[in-house]
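A short worksheet on the structure shown next.
Since the structure is predicted, the reported quantities are computational estimates derived from the model, not experimental observations. Each chain gets a letter, A, B and so on, in the order its sequence line appears, and its residues count up from 1. Side chains included, hydrogens not; waters and symmetry mates left out as well; all remaining heavy atoms used.
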Amino acid sequence: MTHYIRLDVVSMVRSGYFLVFSVLFSAGFYVMFTKLFTVSGWTSAPGFAATYMIALAVSGAFYAALTGGGIRLGEERGSGWARQLTLTPLSPRRYVLGKLVSAWLLALPALAAIFILGVLLNQVRMPVGRWALLLAATWGGSACFAVFGVAIGLLVAGEATQFACLGVFFPMAILGGLWFPTSAFPETIRQLGDYLPTGALYRLGIAAEQGSGPVATPLLVLACWTALALLAALARLRPEAFRPSG
Amino acid sequence: MEALTAMTPDTWQVSIRDVTFSYGAVPALAGVTLGISAGEVVALLGPNGAGKSTLTHVMLGLLTPRTGQVSLFGTRPQEAVARGLVGAMLQDTGLMRHVTVRELVGLVAAQYGRAGLTGEILDAAGLADLGARRVSRLSGGQRQRVKFALAIAGDPRLLFLDEPTAALDVEARHAFWQDILERAGRGRTIVFATHYMEEAEAYANRIIVLQAGQVVADGPARQITSRVSDVTLRFTDPDAREEELARLPGALRVRGDPRRADRWELVTSDQDATLSALYAASGRGVRDLEISRGSLEDVLMALAKETGRA
Ligand SMILES: Nc1ncnc2c1ncn2[C@@H]1O[C@H](COP(=O)(O)OP(=O)(O)O)[C@@H](O)[C@H]1O
Ligand SMILES: [Mg+2]
C-alpha cells in the first residue's frame, strides 16, 4: 500500500493542475488581500495577515484533499483503473485507504506553502511551539477533508466527480469564511458556517495560533462530519463499486 | 463434459454452479455450470452479447450472481484475488495517469511482492523499450500490451483475458499468444473470451460456447470445431464439370464462379475424401486451392440443429 500511496502522490503532483489550484490559487488570494488591495473593515483588522493565512491554508488543504481523494477516486472508478488495481492482492478497502492517506498527504503542501508565504511576505511571527500546534491542528483536521473527498469519490464516478467536488468546495469554503468575512451574511448563515468542517477547522487553527479560544466545539463538528463521511464511504464500498459503468 | 464430471470438484480452480445474473431486467447469464482445472487453456467463445464478459466478471467476484455459487481455488473469488492467485485483463480498463509504463507495471508487480521482476515483466509483454514512456503517450496497441503486463505481473496461476487481442496488430498478436502458450506450458490456467472461432481453435484446448447467457457446448477444442464438419473448398480447375464435381465423395454443393468459368466453390462434409478424389481424377490440374473452415456462426447453427433449438 505504501508503494501505491507514493506513486499516487507523485502522479498527482506531476499532474500540475493540482498544485495550481491547491497552492497557487490560495497563494494568489493571500497576496492579493494582504499586499495589493485594502478592504476597510476586513483587511485592516489587527492580525489579519495571520488569520487570513490560516483561512487560505485551510482552503488550499480542503481543495487538495477533495481533488486528491474525490476527483481521482471517482475518475479511477469510472475509467476502470480502480478495478484493475484491486484485482491484485491490493484489496478495494486498502486501495480506498491508500487514496485517503494520499489525499491527506496532499493537503500538506498547501498548508506549508501558505504558512511560508505568511512568514516571508507578511512577517507573521509566533513561537515555534505555536507554529507546530497550528500545523498539527490544520493538517490533523484535514483528515476530515480527506475522508470527505473519498466519500464523494465513492458516491459519484467519472467526470461528474469533478463537478461534485467543486459543488462541495465553493459553498463550504465561502460559508466557512475561508475567503471573505461572513459578517455580511445573515446571522443564521453565519452560524451555519461554524458547523461546517471548513469553518470548524478555521476556528481550530485560529485557536492554535492565539493559544486560546474554543476548541471543543470545532473538534466535535469535525468529528461528526468525519464520521458521517466515513459511514457514507463504507456504505458504498461494495464489490460492484469499481465497475467502470457504475 | 464426460471428462469433467469424472473429475472431483476439489481439483477445480474455477467452479461455477447454476449461476444466473441480470443487469436490472436484462438477463445476461441464464444458469451456467462449469468447472475448470489446473493447466487448461479455455476459450469462452460466443457472439457479442453472449455473456462472456459478464461470466468473466462473475468468476472474478466483480459481479455477485443473482443465484448460484462461484468459487476459485475452493474459496471466494475475492479471497483468491487477495492471495495473488489470479490475474486479469478486462475490457474498458483505464490506466493511471502521469506515470511511466515502468512505474505502473512496477506498482502492480509490487502488490504481488514481485517489484524486483518488473524488467522481466516488461520484456514478456513486449514493452522493453517503452518503460520510460508516460502511459498517456501510448498507442492503442501499446496500451493493450501494458494491460497484458499488468495481468501477468504476478505470474498468476489463473489468468482471465477478455478479448485480449483486440487492438493488437498481427505481430503483437503472435507474440502475445506465444507468451500465453509458454505460461500454459508451465501449468498456468488460462481462460480467455473471444468471438473469433480461429483464435479459440488455434490456442485453446477446451472451448466453452456461450450463447444468450447459456453454455451451449463445452468440450475439447477439436470436438467443438468438428461439429462444423462442412468445409468450403475453392479452387481453379479448367477441366472440371459441375456434374462430376457434385458426385465427389462428401460433396454437398457445387457452385461455379459466375466471373470465371474455371473457378469452383465446393462445400463438403468430408474434406479428406473429397480432396483425394479430386486429385486422384487423372488429368486434373487443380490449382489455387483455398480451404475455409466453419465460422462461429456455423458452429452456433450446427449446435442449434443438434439441440433442436432454432
Ligand atoms: N452494464 C450493463 N448494463 C446493462 N446490460 C449489460 C451491461 N453489460 C452487459 N449487458 C448486457 O448483458 C448481456 C451480456 O453482455 P456481455 O457479458 O458484455 O457479453 P459479451 O462479453 O459476450 O459480449 C448483453 O445483452 C449486454 O447487452
Ligand atoms: Mg465482452
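No side-chain heavy atom of A/Gln84 sits under 4.5 Å from any side-chain heavy atom of B/Leu95. Looking only at side-chain heavy atoms (C-beta outward), B/Tyr112 and A/Thr88 come within less than 4.5 Å of each other.
Taking non-hydrogen atoms and a 4.5 Å limit, the residue list of residues 11-20 of chain A in contact with chain B, ordered by number, reads A/Ser11, A/Arg14, A/Ser15. Heavy-atom proximity under 4.5 angstrom to chain B picks out nothing from residues 141-154 of chain A. Residues of residues 226-233 of chain A lying within less than 4.5 angstrom of chain B, judged on heavy atoms, are absent.
Per-residue counts of heavy-atom pairs under 4.5 Å with chain B were compared for A/Leu87, A/Asp8, A/Val10, A/Leu85; the largest is that of A/Leu87. Of the listed residues (B/Arg83, B/Gln111, B/Glu103, B/Met96), the one with the most heavy-atom contacts under 4.5 Å to chain A is B/Met96.
Both the backbone and the side chain of A/Leu7 come within contact range of chain B, judged by heavy atoms closer than 4.5 Å. Only the backbone of B/Val86 comes within less than 4.5 Å of a heavy atom of chain A; no side-chain atom from C-beta onward does. In this structure, chain A has a heavy atom under 4.5 Å from the side chain of B/Tyr23, while its backbone stays farther away.
Here A/Arg72 contributes atom CZ and B/Arg97 contributes atom CZ; the two are 7.5 Å apart, rounded to the nearest 0.5 Å. The CG atom of B/Leu104 sits 4.0 Å away from atom CH2 of A/Trp81, with the distance rounded to the nearest 0.5 Å.
Among all heavy-atom pairs drawn from B/Leu62 and A/Arg83, the shortest one is CD1-CD, 3.7 Å. Of all non-hydrogen atoms in B/Ala82 and A/Pro89, the two that sit nearest each other are O-CB, 3.3 Å.
Within 6.0 Å of atom CD in A/Glu159, 12 or fewer heavy atoms from other residues, nucleotides or ligands are found, so the atom counts as exposed in its surroundings. Other residues, nucleotides and ligands contribute at most 12 non-hydrogen atoms within 6.0 Å of the CZ atom of A/Phe163.
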Notebook entry, point to check: Could you walk me through whether B/Leu107 and A/Tyr4 pass the side chain to side chain contact (heavy atoms under 4.5 Å, CB included) check?
Noted result: CA-CA 7 Å; B/Leu107 168 68; A/Tyr4 174 62; 3.9 Å; yes

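The salt bridge (Lys or Arg N to Asp or Glu O under 4.0 Å) search around B/Glu182 returns B/Arg186, not counting sequence neighbours.
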